[in-house]
Protein chains: 2
Amino acid sequence: MTSPVYGRVAPERRRTSGARAPEQSGRDLSAEAAPEPGIARIAVDLLGGDHAPAVVVDGALRASQADPALQLLLVGPVEAADALLAALDPEARHRVGTITAPAGPGEHDVSRVESGVRTAILAVAQGHADAVVSAGNTGATVTSAALGLGRWPGVRRPPLAAVLPTAAGRLVLLDVGSSVDPDELTLAMHARLGAAYASIVHEVAAPRVGLLTIGTERGKGDRLRRTAPAVLAGLQLPAGARYVGLVEGNDVVTGAKADVVVTDGFTGNVLLKGLETAYALIRPPNDGDVPPRAAILLGVGGTVVVCHGAATGEDVAAGIALAADLHRRAAVPVIADLIQSQVPAHEDPRGGS
Amino acid sequence: MTSPVYGRVAPERRRTSGARAPEQSGRDLSAEAAPEPGIARIAVDLLGGDHAPAVVVDGALRASQADPALQLLLVGPVEAADALLAALDPEARHRVGTITAPAGPGEHDVSRVESGVRTAILAVAQGHADAVVSAGNTGATVTSAALGLGRWPGVRRPPLAAVLPTAAGRLVLLDVGSSVDPDELTLAMHARLGAAYASIVHEVAAPRVGLLTIGTERGKGDRLRRTAPAVLAGLQLPAGARYVGLVEGNDVVTGAKADVVVTDGFTGNVLLKGLETAYALIRPPNDGDVPPRAAILLGVGGTVVVCHGAATGEDVAAGIALAADLHRRAAVPVIADLIQSQVPAHEDPRGGS
C-alpha cells in the first residue's frame with residue numbers, strides 16, 4: 001500500500017470549520033466527552049459507495065437538514081461538494097466544510113476511491129473531525145482506520161459491528177465483514193467489544209453474549225465453532241456481560257437468547273445482508289425501533305461508521321446521525337476505558353500489551 | 001458407530017402395507033417413475049426432532065388427511081404410532097404401517113434417537129418405503145443415508161438443499177448443514193446437484209447458479225471463496241445451467257441474480273434459519289408461493305427429506321408432502337441420470353469414478 005497523500009482543506013471553508021470548534025483541534029480522544037446534544041463534526045467520504053458521490057451527497061444533505069448541531073466535512077471531489085452546498089440555505093452552508101481527497105491515476109482507480117476514506121480518517125486523527133462515515137470498500141476502511149487512528153491493545157483485527165432490529169429489541173452482530181478467517185482469540189476480543197457496545201450505546205444491563213453456530217448438539221459447527229466455546233466460556237467480559245453459549249440464525253431474528261452475537265465476518269456479512277434485505281422488502285420485526293443500516297468499527301482510536309456500498313441517501317443520513325450520536329455519547333472512549341481497564345483472563349498473552 | 005439393529009414390521013400392519021404396494025418391493029430406484037398422482041409410501045422417523053414424537057405424529061396425521069394416496073410407515077415407538085392410529089378413521093388407518101426402531105440403552109440416548117432415522121432409511125433401501133422424512137440430527141441422517149442408500153459417484157458429502165421463497169420465485173440454497181468445512185470441489189458438486197434440482201423440481205429453464213460471498217470487489221471473501229470461483233467458472237453444469245458468479249446475502253432474498261446459491265453448510269444453515277424465522281415472524285417475500293420448511297438430501301440413492309429439529313406439526317406435514325411429491329416426480333432418479341450422464345470437466349479425477 002502506498003502512503004496516502006492527504007488533501008488540502010479548501011481555505012475559505014477551513015476558516016468556517018476552524019471558527020466553530022477550535023478547542024477540539026489536536027484533542028485527545030480519550031479525554032473528550034462533548035455535552036449531548038453538542039456539535040458533532042463528521043467527515044464524510046464522498047468517494048465511497050456504489051453510487052458515490054450522488055447518494056452520499058444526498059445523505060449528507062438529509063443529515064444536515066435534520067440536525068442543526070451537525071458540522072459536515074465533505075471529503076472528495078470539490079465539484080460534488082459544491083452541488084450539496086448549492087442546495088443548502090446560507091446558515092446550513094456555514095456548517096459544511098470540504099477537503100479534497102488526492103486524485104489517483106484515474107477516475108475509477110482503487111487508490112483514488114480509497115483516498116477518500118484515508119483522507120477522512122486523517123481528518124479525525126488530526127482533530128479536524130470527530131467521526132468518519134464511509135460507504136466505501138470495507139477492507140480499505142478497516143486498514144486505513146487501523147493505520148490512521150491506531151488499534152487498541154489486544155485488537156488484532158478491528159471488527160465491524162452491525163445493529164439489527166429483533167422482536168425483543170436491538171441486537172449487536174459482529175463481525176460483519178472485517179475478519180473473514182478469525183481464530184477463537186479474535187472472536188473473544190469481538191465478544192468483549194460487542195458487550196461493551198451493547199452496554200454503553202444500547203444501555204443493556206449485563207448483556208448476554210452468544211456464539212453463532214448451527215446447532216447445539218455435540219459435534220455441530222465447523223472447526224472454529226468447536227474450539228471457540230471453551231475460550232468464550234472462560235472469558236472475562238466487560239459491563240457485567242455474560243457468555244450464554246451457542247445461538248443460531250433464528251436467535252438473531254428473535255433476540256430471545258442474546259443481545260450480542262459473535263461470529264466470523266463472512267457468516268455475519270451474509271446473514272446481515274440477508275436479514276436487512278428481508279426487512280427492507282417486507283418489514284422489520286420491530287417497526288417502532290429500526291436501527292440505522294450502518295456498521296460501527298470497534299477497537300480503533302476514533303469513531304468510524306461504515307455504510308453499505310449499496311446504501312441509499314437515507315442510509316447514509318442514518319449513518320451520519322449514528323456517528324454524531326456515538327460522538328455525543330463519547331461512546332468510543334468510554335468503550336475503550338471499559339475494555340482496557342479489564343484484566344484479561346484466559347487470553348492470548350500477545351493480546352495484552 | 002455401532003451397526004444399527006433394524007426393527008420388525010408389526011405383523012398385522014405389514015400385511016396392510018404389503019397388500020397395497022406389493023409391486024414396489026425390492027424395486028430399483030432408477031427404474032421407478034410412479035404415475036402422478038400415485039401412491040407414495042413415506043417412512044417417517046418418529047424419534048427425530050426436539051418435540052418428537054408428538055409433533056411428528058401430529059404432522060403425519062395432517063399429511064395423511066390431506067393426501068389420500070399417501071401411505072405412511074411410522075418408524076419408532078409403537079405407542080406413539082398407536083396415538084396416531086387411534087385418531088384416524090378406519091380407511092385412513094389402513095394407509096398407516098409401523099415399524100419399531102430398536103431401543104438403545106436409554107430413552108434419551110443418542111443412539112436410540114438415531115436408530116429411528118437409520119431404520120427408516122433401511123426401509124427405503126429394502127423397498128418398504130419410497131422416501132424418508134426425519135426431523136432428527138442432520139449429521140446422523142446424512143451419515144445413515146450415505147451408508148444405507150449409497151452416494152452417487154463423485155459425491156463426497158451429500159448436501160442438504162433448502163428451498164426459499166424470494167420476490168422472484170423459489171431459490172435453492174445448498175448446503176444448509178451437511179458440509180461445514182467443504183473444499184471447492186465439494187462446492188462444485190453441490191452446484192451441479194442444485195442446478196439439476198432447480199431444473200427438475202422447480203422446472204427452471206437454464207438455472208442460474210451463484211456462489212455466496214460478501215462482496216464482489218477484488219480480494220473479498222474468505223479462503224474458500226477466493227479459490228472456488230475459478231473451479232465453478234470452469235464447471236460443466238447439467239440442464240443448461242450456467243454459473244453467474246458471486247452473489248451476496250441480499251440476492252438470496254430477492255432472487256434477482258440466481259436460482260441456485262451454493263455455499264458451505266455453516267453459512268447456509270445460519271442464513272436459512274435467519275431468513276426462515278424472519279419470514280415466519282413477519283411474512284415471506286412471496287405469500288403466494290411458500291415452499292415447505294424442509295431440506296432435501298441430494299446425492300444419495302433415495303429420497304430423503306430433513307425437517308428442522310424445531311419443526312412444527314405443519315412443517316412435518318409439509319416435509320411429508322414434499323417427499324411424496326419428489327417420489328411422484330421420480331425427482332431423485334431423474335436428477336441422478338442428469339448428473340451421471342454428464343462428462344465431468346475440470347473436475348477432481350477422484351470424483352469421476
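Proteins get letters first, then strands, A, B, ... in listed order; numbering begins at 1 in each.
Every residue two or more places apart in sequence or in another chain was checked for a side chain to side chain donor-acceptor pair (under 3.5 Å) with B:Thr138, and none qualifies. Considering only residues two or more places apart in sequence or on other chains, B:Thr141 meets the side chain to side chain donor-acceptor pair (under 3.5 Å) condition with none of them.
Of the options B:Leu271, B:Asp264, B:Leu246, a side chain to side chain contact (heavy atoms under 4.5 Å, CB included) to B:Leu212 is made by B:Leu271 and by none of the others.
There is no side-chain donor-acceptor pair under 3.5 Å between A:Arg157 and A:Thr186. B:Thr277 and A:Asn250 share no side-chain donor-acceptor pair at under 3.5 Å. Defined by atom type and a distance below 3.5 Å, a donor-acceptor pair is missing between the side-chain atoms of A:Ser144 and A:Arg118.
Contacts between residues 254-262 of chain A and chain B, counted as heavy-atom pairs separated by less than 4.5 Å, involve A:Thr254. Contacts between residues 282-294 of chain A and chain B, counted as heavy-atom pairs separated by less than 4.5 Å, involve A:Ile282, A:Arg283, A:Pro284, A:Pro285.
Proximity to chain A (any heavy atom under 4.5 Å) is shown, for B:Thr213, by both the backbone and the side chain.
Formation of a donor-acceptor pair under 3.5 Å by the A:Asp251 side chain with backbone atoms of A:Glu248 is found in this model. A:Thr267 places no side-chain N or O within 3.5 Å of a backbone atom of A:Thr263 that could act as its donor or acceptor partner.
Of the listed residues (B:Leu281, B:Val270, B:Asn269), the one with the most heavy-atom contacts under 4.5 Å to chain A is B:Val270. Highest contact tally toward chain B, considering only A:Asp181, A:Thr166, A:Val176, A:Leu275, is held by A:Asp181 [criterion: heavy-atom pairs under 4.5 Å]. Contact count against chain A (heavy-atom pairs under 4.5 Å) is highest for B:Gly274 among B:Ser179, B:Gly309, B:Ala310, B:Gly274.
In this structure, A:Glu184 places its CD atom where more than 12 heavy-atom neighbours from other residues, nucleotides or ligands lie under 6.0 Å away.
Shown here for B:Leu272 and B:His308, the closest heavy-atom pair between the two residues is CD2-CE1, 4.4 Å. Nearest heavy-atom pair across A:Cys307 and A:Val133 is SG-CG1, 4.0 Å.
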